[in-house]
Amino acid sequence: MNRKLTILGAGESGVGAALLGKAKGYDVFVSDHGSIGNKYRTELKEAGIDFEEGKHSEERILKSDLVIKSPGIPDTTPLIKSLRSKGNLIISEIEFAGKYTDAKLIGITGTNGKTTTTLLTYHILKEAGFNVGVAGNIGKSFARQVLTESHDWYVLELSSFQLDGTFNFAPHIAILTNLSPDHLDRYGNDYDKYIDSKFKIIMNQTSDDY
């Protein structure tokens, strides 16, 4: 029986993860509390992926083997609390897609300057002739590119919210641009928790990484 994968949020990140999950043999269900854009609704229908919008069917979602949630959904949401209390594994799209690529990853995080640094790094590598993709909070989702493209390198812009859902993610090169208090409402107004979140970018690196 296929493992049940639920995606919470049907934006670029969620739909990319859904398409990759379907390709990897998961029984995929997409749930969005808001409305799903026409482009993404069409993609899900064409891929034969079951979805709902305007609600979260909690009973069905709680039966998931794996949950990928949109970075915008706070951990304090009742559904997320219910999933955690039941022991469901909740990960980010970055964590999920990272399992299915052997490409070298450059992860870029920080309070400010992420997008500029990511685009500049991507531009330098591309101009130097590298086979490189750019993802994270930019353009096509990481999961979608892992499914439909084949790059040797990926430059990923990573927010603290995306990093919160990582467990085995290990970029070959990690860049932390800077730190200052931000999004503290998501971290119980505890700056140390926000810092810890950012430093997850290096937690699985080895002496062979940078």
Side-chain angles (χ1 to χ4, degrees), residues 2-53 61 64-73 89-109 114-115 117-123 125-126 130-173 201:
N2 292 355
R3 295 182 71 206
K4 288 182 166 58
L5 167 64
T6 294
I7 317 278
L8 299 178
E12 174 59 28
S13 166
V15 173
L19 295 170
L20 179 60
K22 174 86 186 245
K24 297 302 178 182
Y26 283 87
D27 177 6
V28 183
F29 175 56
V30 176
S31 176
D32 196 307
H33 201 265
S35 59
I36 299 176
N38 289 334
K39 171 191 167 191
Y40 295 128
R41 193 186 296 116
T42 300
E43 277 195 304
L44 292 170
K45 282 179 180 174
E46 288 178 350
I49 294 171
D50 198 10
F51 65 90
E52 66 178 0
E53 54 186 324
I61 293 166
S64 309
D65 297 301
L66 183 64
V67 175
I68 298 173
K69 81 172 178 73
S70 162
I73 302 173
L89 181 61
I90 304 172
I91 65 172
S92 67
E93 174 245 342
I94 297 295
E95 172 79 4
F96 185 65
K99 293 197 308 181
Y100 296 108
T101 179
D102 294 324
K104 282 192 161 61
L105 307 178
I106 301 174
I108 298 171
T109 195
K114 291 187 295 294
T115 306
T117 307
T118 301
L119 289 173
L120 183 58
T121 304
Y122 169 71
H123 176 74
L125 290 173
K126 194 166 179 57
F130 285 80
N131 174 15
V132 58
V134 62
N137 287 326
I138 299 172
K140 289 184 285 187
S141 68
F142 184 33
R144 184 188 293 274
Q145 291 185 58
V146 166
L147 175 63
T148 63
E149 301 175 21
S150 182
H151 294 297
D152 300 323
W153 289 81
Y154 284 99
V155 186
L156 303 172
E157 178 190 340
L158 302 171
S159 69
S160 56
F161 302 157
Q162 287 168 311
L163 288 167
D164 285 336
T166 59
F167 299 91
N168 299 304
F169 175 73
H172 180 51
I173 300 170
I201 198 169

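In this text, all values refer to a predicted model and were calculated from it rather than measured experimentally.
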- Query: Are any of the side-chain nitrogens in R41 or E53 under 4.0 Å away from the carboxylate oxygens of its partner?
  - Reply: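 Yes.
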* When you check the gap from the basic side-chain N to the acidic O, do R144 and E12 get nearer than 4.0 Å? ->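 Salt bridge flag = yes for E12 with R144.
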Are any non-hydrogen side-chain atoms of [X] and [Y] less than 4.5 angstrom apart?
| X | Y | value |
| --- | --- | --- |
| S31 | I7 | no |
| I91 | F169 | no |
| L8 | I61 | yes |
| F142 | T101 | yes |

Closest approach of [X] and [Y], non-hydrogen atoms and distance?
| X | Y | answer |
| --- | --- | --- |
| V132 | Y122 | O-CE1, 3.4 Å |
| Y100 | V146 | O-CG1, 3.4 Å |
| I201 | I108 | CD1-N, 4.0 Å |
| V134 | Q145 | O-NE2, 2.8 Å |
| L19 | A47 | CD2-CB, 3.6 Å |
| G136 | I94 | CA-CD1, 4.2 Å |

Is N131 reaching over with its side chain to a backbone N or O of S150, donor-acceptor style, under 3.5 angstrom?
->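 Side chain of N131 to backbone of S150: a pair is present.
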Review point. Can you tell me if E93 uses its side chain to pair, donor with acceptor, with the backbone of A143 under 3.5 Å?
Key: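 The answer is yes, because a donor-acceptor pair under 3.5 Å joins these two groups.
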Looking only at the aromatic ring of each residue, does the gap between the centers of F29 and F51 stay below 6.0 angstrom?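 No, ring centres 6.0 Å or more apart.
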Check for me whether the distance between the ring centres of Y26 and F96 falls short of 6.0 Å.
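For Y26 and F96, the ring centres are under 6.0 Å apart.
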query: Do E95 and T166 pass the side chain to side chain donor-acceptor pair (under 3.5 Å) test, and can you show the C-alpha distance, the side-chain angles, and the key distance before you say yes or no?
result: CA-CA 5 Å; E95 172 79 4; T166 59; 4.9 Å; no
Can S92 and K69 be said to form a side-chain contact (heavy atoms from CB on, under 4.5 Å), step by step? CA-CA 6 Å; S92 67; K69 81 172 178 73; over 6 Å; no
Rounded to the nearest 0.5 Å, what separation is found between the [atom1] atom of [X] and the [atom2] atom of [Y]?
| X | Y | atom1 | atom2 | value |
| --- | --- | --- | --- | --- |
| T121 | K126 | OG1 | NZ | 14.5 Å |
| D164 | L158 | CG | CG | 11.5 Å |
| T109 | Q162 | OG1 | CD | 8.5 Å |
| F130 | H151 | CZ | NE2 | 14.5 Å |
| D32 | S70 | CG | OG | 8.0 Å |
| I36 | T42 | CD1 | OG1 | 10.5 Å |

How far apart are the C-alpha atoms of I106 and L125, what are their side-chain angles, what is the distance that settles it, and do they pass the side-chain contact (heavy atoms from CB on, under 4.5 Å) test?
CA-CA 11 Å; I106 301 174; L125 290 173; 3.7 Å; yes
Determine whether I138 and T118 satisfy the following criterion, side-chain contact (heavy atoms from CB on, under 4.5 Å), listing intermediate values before the conclusion. CA-CA 9 Å; I138 299 172; T118 301; 3.6 Å; yes
Of L44, I49, L147, which is the lone residue that meets side-chain contact (heavy atoms from CB on, under 4.5 Å) with K22?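 Only match with K22 under side-chain contact (heavy atoms from CB on, under 4.5 Å): I49.
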Q) After noting the C-alpha distance and the side-chain angles of E157 and T115, does the key distance pass the side chain to side chain donor-acceptor pair (under 3.5 Å) rule? A) CA-CA 6 Å; E157 178 190 340; T115 306; 3.1 Å; yes
Could you go through the side-chain contact (heavy atoms from CB on, under 4.5 Å) check for T6 and L66 one step at a time? CA-CA 6 Å; T6 294; L66 183 64; over 6 Å; no
